[in-house]
Amino acid sequence: MSRERRKPYPFDQFEPKWQRRWDEWQIFHAPNPDERNFDPAKPKFYILDMFPYPSGSGLHVGHPEGYTATDIVARYKRMRGFNVLHPMGWDAFGLPAEQYAIKTGQHPAITTRENIARFKTQLQRIGFSYDWEREINTTDPRYYKWTQWIFLQLYNSWFNPETRKAEPISTYGGEDRNSVRLAYVADVPVNWCPELGTVLANEEVVDGKSEIGGFAVVRRPMRQWMLRITRFAERLLDELDALDWPEGIKLLQRNWIGRSEGAEVHFRVARAPGLRIEEDRERDAYATIRVFTTRPDTLYGATYIVLSPENPVVDRLTTAADRATVDDYRAQVQSKSDLERTEFAKEKTGVFTGAYAINPVNSERIPIWIADYIFMGYGTGAIMGVPAHDERDLEFAREFDLPVRVVVQAPEGQESIGFVGDGTAINSPIIDGLPTPEGKRKIIAWLEERGLGSKTVNYKLRDWLFSRQRYWGEPFPIVWREGKHEALHESELPLDPPPLDDFKPTGTGEPPLAKAKEWIRYSDQATRETNTMPQWAGSCWYYLRFCDSKNSDRFVGEEAERYWMGNSIAEIGNRKAESKAAIESFQNPESEIRNRPGGVDLYVGGTEHAVLHLLYARFWHKVLFDLGYLSKPEPFQRLVNQGVILGEDGRKMSKRWGNVIDPLDVIADYGADAFRCYEMFMGPLEQMKPWSMTGVEGASRFLARVWRLLMEENQAGEWSLSSAVQEIEPNKAQLKVTHATIRKVTQDIETLSFNTAIAQMMIFVNAFTNAPGKPLSAMCTLLILLNPFAPHITSELWEKLGEKFHDLRGDITAQRWPAHDERLLIEDEVEIALQVNGKVRDRIMVPMTATSAEMEAMALASERVQQLAAGKTILKVVVIPKKVVNVVVS
RNA sequence: GCCGAUGUGGCGAAAUGGCAGACGCAACGGACUUAAAAUCCGUUCUCGCGAAAGCGGGGUAUGGGUUCGAAUCCCAUCAUCGGCACCA
């Protein structure tokens with residue numbers, strides 16, 4: 001392939017020039033309310049990209065897809081008179097830099113600095129209009145100081161169930177504050193990878209193996225920091241409804257939170273010879289097993305109890321005779337990896353404990369088993385087995401010959417054994433004959449009256465395992481004294497990680513920080529916590545820091561937070577508000593706009609963050625909101641997911657397939673504007689779509705046509721403003737296409753339909769290509785409309801126009817977005833289709849003003865219609881003004 | 001297994017109850033050129049009849065339904081992608 005291929009237009013001569021100018025003049029800086037050039041009349045608009053991890057391999061074409069979309073909206077909104085916050089930063093703590101450090105000894109800070117520099121160069125080469133003065137980096141002490149500070153807020157607060165809010169720990173009246181803190185320590189099973197010598201996060205474990213290296217991962221209990229996100233489950237679920245997010249993402253979060261309604265039922269343990277429970281009979285806690293069920297109406301069908309093998313109560317009730325079997329089974333389960341334990345289609349396993357429980361409704365003695373299909377982490381770690389109406393219980397009962405008792409009558413024609421839907425209660429004296437929902441209500445009431453159970457809601461969401469045994473993360477601002485943890489004082493932040501030469505994991509599960517003997521020693525009696533925070537910590541609140549990234553007194557200034565994270569004055573999408581009307585409305589305290597949810601107005605990123613990042617960030621936001629630091633309860637008002645860009649072969653881009661496209665290679669050949677336009681022209685933003693180099697060429701050709709609309713080339717190959725561009729009135733057709741383009745592009749940017757906006761601009765350019773004179777007014781309009789998509793070429797052409805036509809003042813970015821005139825779009829006549837029995841048979845021109853009756857008459861006068869209707873009865877004529885007339889005949 | 005999204009020319013797609021295939025890619029033909037590239041103009045869903053202009057039939061994964069009219073709404077099936085996966 002010839003590298004010397006002639007450029008269709010000289011983008012290489014002006015793209016770098018404009019990028020330098022934008023950078024030097026900081027023209028995309030968004031002033032904060034306390035800055036001199038802040039204009040209070042402008043409404044705010046906060047447009048956020050998911051900030052990247054600056055990896056060693058640089059950006060790929062997937063990153064800039066979302067970034068280009070937001071950049072278009074940002075540039076458009078500025079021209080619409082908004083004060084636009086459009087920042088960028090680096091989520092820079094993380095495993096790859098640390099792995100690299102282990103291999104080479106190069107400090108992760110150095111690797112990170114280099115990678116950030118490369119990423120920033122790449123982004124600037126695409127011409128994004130970020131406010132670089134607000135750039136942040138999660139590994140910068142001035143940033144992680146506040147990540148640590150937020151952790152202290154979590155540590156020093158609790159969730160008050162009465163107010164349903166996070167409150168300072170000082171308002172907690174109980175004895176043991178450590179039992180309610182939002183950040184707490186617990187011994188929990190973690191994913192331990194012996195081969196890598198480290199603990200892995202769930203998301204780093206794929207099919208029971210480490211994502212990196214594919215080594216076996218085992219469960220092992222370790223002392224960990226946890227965040228009590230489960231207390232917020234209800235609010236995280238309820239407050240999802242009002243957000244303007246894709247329904248699919250909301251559903252993923254709902255499923256992740258996993259709310260289910262049911263009842264807790266208390267089963268007393270029966271006394272039996274040889275049962276250790278006998279020795280503790282006055283200690284009621286050991287004598288009752290609480291189970292969670294979503295089907296309390298099937299209580300009469302419970303023929304056994306199953307406990308999770310990890311349930312601590314197992315020790316207490318196992319009989320001496322069964323102890324060996326039970327211990328053996330528990331040891332077996334413990335050694336199993338998650339993969340082995342959840343392997344589908346496998347047979348149920350379990351053992352009998354020798355103990356029995358009493359069913360509260362019928363006083364029946366039923367055996368207590370343990371089995372690994374019951375998890376300690378959900379509900380109470382105990383269930384009642386109702387084999388007739390639960391698939392898993394049925395499998396278990398068949399495996400171990402336990403009785404199956406039908407208590408729900410299935411609808412006609414369905415087998416009652418194994419029926420899990422709603423039916424009618426039978427063999428259940430208290431609720432016989434009741435449909436399932438009523439049966440549930442009645443039996444719960446019966447249990448509650450007698451203190452044998454209660455209505456309960458359970459969530460699948462678990463508390464968040466927040467510590468990692470790694471070097472390259474935020475150290476916890478915690479010290480240990482005589483086995484007890486205590487928080488550092490705010491004034492001791494930031495707490496920097498220790499300098500280390502050896503980043504290797506210790507192999508024992510002890511974090512690498514433990515090797516820094518000096519650093520660990522806090523005082524004679526106290527030592528520092530050696531775990532570090534996960535990568536999510538920095539990304540949980542970065543959008544807040546962008547509002548006021550240089551503030552050294554606070555994580556975000558109050559005024560800046562109120563302004564940027566407060567109400568959206570105008571919204572992208574269906575509802576749009578002209579800024580003047582919006583401001584008036586905003587000033588009225590009763591207005592609907594003023595009472596909008598607020599937050600980031602548009603957040604664009606990939607679906608891979610559908611649950612974790614987006615859930616964690618909402619959780620932190622709510623805690624900080626409850627504590628009075630923030631003005632709105634939700635961080636991200638509108639969320640849009642961009643689709644994945646596949647390789648040219650239709651496969652996922654990866655080194656393995658050799659189909660990775662480097663944006664800088666594309667830009668070298670076709671320029672940044674063509675790259676941007678192609679990415680937006682490929683198809684709908686949300687859709688997955690394959691890359692096509694010939695498609696890029698098409699976008700490049702389009703821009704070259706725009707270039708030649710205004711520029712001409714002399715013999716020497718030098719370009720200058722075309723003499724065809726003149727201050728002439730556009731003709732009627734030109735005026736019409738101009739205004740149709742204004743309307744279409746404006747609407748399409750609002751709905752993020754960039755592909756069709758570009759198609760319309762292509763139509764515009766095609767319409768003007770062969771015009772002998774190019775009316776200046778129409779050319780100016782095109783340049784402004786195209787500017788958000790192709791900022792370099794339009795800036796250059798605008799400047800060229802300005803040299804000749806002195807009325808054009810200032811840079812193109814300072815221009816107002818044009819408004820279309822609906823009157824210019826109105827045609828005198830319109831072509832309509834004539835259908836007979838729904839098939840198009842003719843087309844005629846009718847005046848725009850034609851009434852339905854007139855259209856009908858014209859349709860019936862058509863020769864073709866008369867031919868086809870000859871000898872038949874006209875049953876009906878349907879007239880759709882300006883579109884179609886359908887004549888129905890028999 | 002459960003939940004969700006998607007399915008339209010050779011390709012990316014447009015049209016979300018009213019003329020299917022806008023716009024672009026690719027292909028083919030023409031103009032310009034000594035020639036090529038670039039550029040400009042034109043053709044291209046499919047089948048039948050016709051020398052042609054044209055006329056007619058079919059067509060939006062498959063099968064049904066609602067409607068004067070369906071790519072669009074409803075039901076079922078299939079395929080692809082994504083998420084969850086013994087959550088009681």
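Just so you know, these numbers come straight off a predicted model, no measurement behind them. We name chains A, B, ... by the order of the sequence lines, and we start the count at 1 in each one.
Here the nucleotide nearest the side chain of A:A759, chosen from B:A22, B:G56, B:G4, is B:A22. For A:L251, the listed nucleotide lying nearest its side chain is B:C3; candidates were B:C3, B:A22, B:G18. Comparing B:A20, B:G18, B:C68 by their closest approach to the side chain of A:V888 singles out B:C68. Of the candidates B:C68, B:C86, B:A88, B:C86 carries the atom nearest the A:D372 side chain, counting heavy atoms from C-beta on. Comparing B:A88, B:G18, B:A26 by their nearest atom to the side chain of A:T694 picks out B:A26. Each of B:C68, B:C40, B:A20 was ranked by its minimum atom distance to the side chain of A:R708; first place goes to B:C40. Relative to the side chain of A:V884, the nucleotides B:A20, B:G4, B:G18 differ in distance, and B:G18 lies closest.
Using a 4.0 Å heavy-atom distance criterion, A:N770 is classed as a sugar-phosphate-only contact. Within 4.0 Å of A:G698, counting heavy atoms only, lie sugar-phosphate atoms of the nucleic acid but no base atom. A:T607 comes within 4.0 angstrom of nothing in the nucleic acid, heavy atoms only. A:N837 comes within 4.0 angstrom of no nucleic acid atom, judged by non-hydrogen atoms across all strands. When heavy atoms are screened at a 4.0 angstrom cut-off, A:E831 is found touching base atoms of the nucleic acid. Within 4.0 Å (heavy atoms only), A:V878 reaches at least one base atom of the nucleic acid. Nucleic acid contact for A:R254: none, since no nucleic acid atom lies under 4.0 Å from a heavy atom of the residue. Looking at heavy-atom distances under 4.0 Å, A:L252 makes contact with sugar-phosphate atoms alone, never a base.
At distances below 3.5 Å, not a single donor-acceptor pair connects side-chain atoms of A:K744 with backbone N or O atoms of A:H739. Under the 3.5 Å distance criterion, the side-chain polar atoms of A:R676 are matched with a main-chain donor or acceptor of A:F789. Remark: the backbone N or O of A:V889 is paired with a side-chain donor or acceptor of A:N837 at under 3.5 angstrom.
Across all strands shown, B:G10 is found opposite B:C25 as a Watson-Crick or G-U wobble partner, with both distances under 3.5 Å. The partner of B:U16 is absent, by the rule that a Watson-Crick or G-U pair needs both atom distances under 3.5 Å. The partner of B:G56 is B:C47, by the rule that a Watson-Crick or G-U pair needs both atom distances under 3.5 Å. Base pairing annotation: B:U72 forms no Watson-Crick or G-U wobble pair, as no partner gives both donor-acceptor distances under 3.5 Å. Under the Watson-Crick or G-U wobble criterion, with both distances below 3.5 Å, B:U67 has no partner in any strand shown. Look at B:U39: its Watson-Crick or wobble partner, with both distances under 3.5 angstrom, is B:A31. B:A5 and B:U80 make up a base pair, with Watson-Crick or G-U wobble contacts both under 3.5 Å.
OP1 or OP2 of B:G18 has not a single side-chain nitrogen or oxygen of A:N886 nearer than 4.0 Å. The shortest distance between the side-chain N/O atoms of A:R705 and the OP1/OP2 oxygens of B:C23 is not below 4.0 Å. For the pair A:R701 and B:A38, the criterion of a side-chain N or O lying under 4.0 Å from OP1 or OP2 is not met. OP1 or OP2 of B:G24 lies within a sub-4.0 Å distance of a side-chain N or O belonging to A:N766.
Classified by interplanar angle (parallel below 30°, tilted 30° to 60°, perpendicular above 60°), the ring pair A:F400/A:W369 is tilted.
Within 6.0 Å of CZ on A:R405 lie more than 12 heavy atoms contributed by other residues, nucleotides or ligands. With a 6.0 Å radius and a threshold of 12 heavy atoms from other residues, nucleotides or ligands, A:Q414 has its CD atom above the threshold.
With both ends at atom P, the span from B:A70 to B:G63 equals 15 Å, rounded to whole Å. B:C86 and B:A71: their P atoms are spaced 43 Å apart (whole Å). The same atom, P, is picked in B:G7 and in B:A13; the two are 10 Å apart, to the nearest Å. On the C1' atoms, B:G18 is 31 Å away from B:G4, given to the nearest whole Å. Rounded to the nearest Å, the gap between the C1' atom of B:U6 and that of B:G54 is 40 Å. With both ends at atom C1', the span from B:A36 to B:G50 equals 41 Å, rounded to whole Å. Taking the C1' atoms as reference points, B:G24 lies 32 Å from B:C78, given to the whole Å. Nucleotides B:U8 and B:A61 have their P atoms positioned 6 Å apart, rounded to a whole Å.
Note: CG (A:N255) to P (B:G82) measures 18 Å, nearest angstrom. Whole-Å rounding puts the A:E713 CD to B:C40 C1' distance at 16 Å.
With salt bridges taken as basic N to acidic carboxylate O contacts below 4.0 Å, none links A:R398 and A:E395.
Base orientation of B:G65: anti, since the glycosidic angle falls outside 90° of 0.
For the pair A:K348 and A:Y373, the cation sits on the ring face: its NZ or CZ lies under 6.0 Å from the ring centre, inside 45° of the axis.
Checking A:S454 against A:E264 by side-chain atom types alone, no donor-acceptor pair falls below 3.5 Å.
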Between the protein and nucleotides 8-16 of chain B, which nitrogen or oxygen pairs are less than 3.5 angstrom apart?
| from | atom 1 | to | atom 2 | distance (Å) |
| --- | --- | --- | --- | --- |
| B:G12 | O2' | A:M682 | O | 2.5 |
| B:A13 | OP1 | A:Q687 | OE1 | 2.9 |
| B:A14 | OP1 | A:N755 | ND2 | 2.8 |

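Rounded to the nearest 0.5 Å, atoms CD (A:E261) and CZ (A:R259) are 4.5 Å apart.
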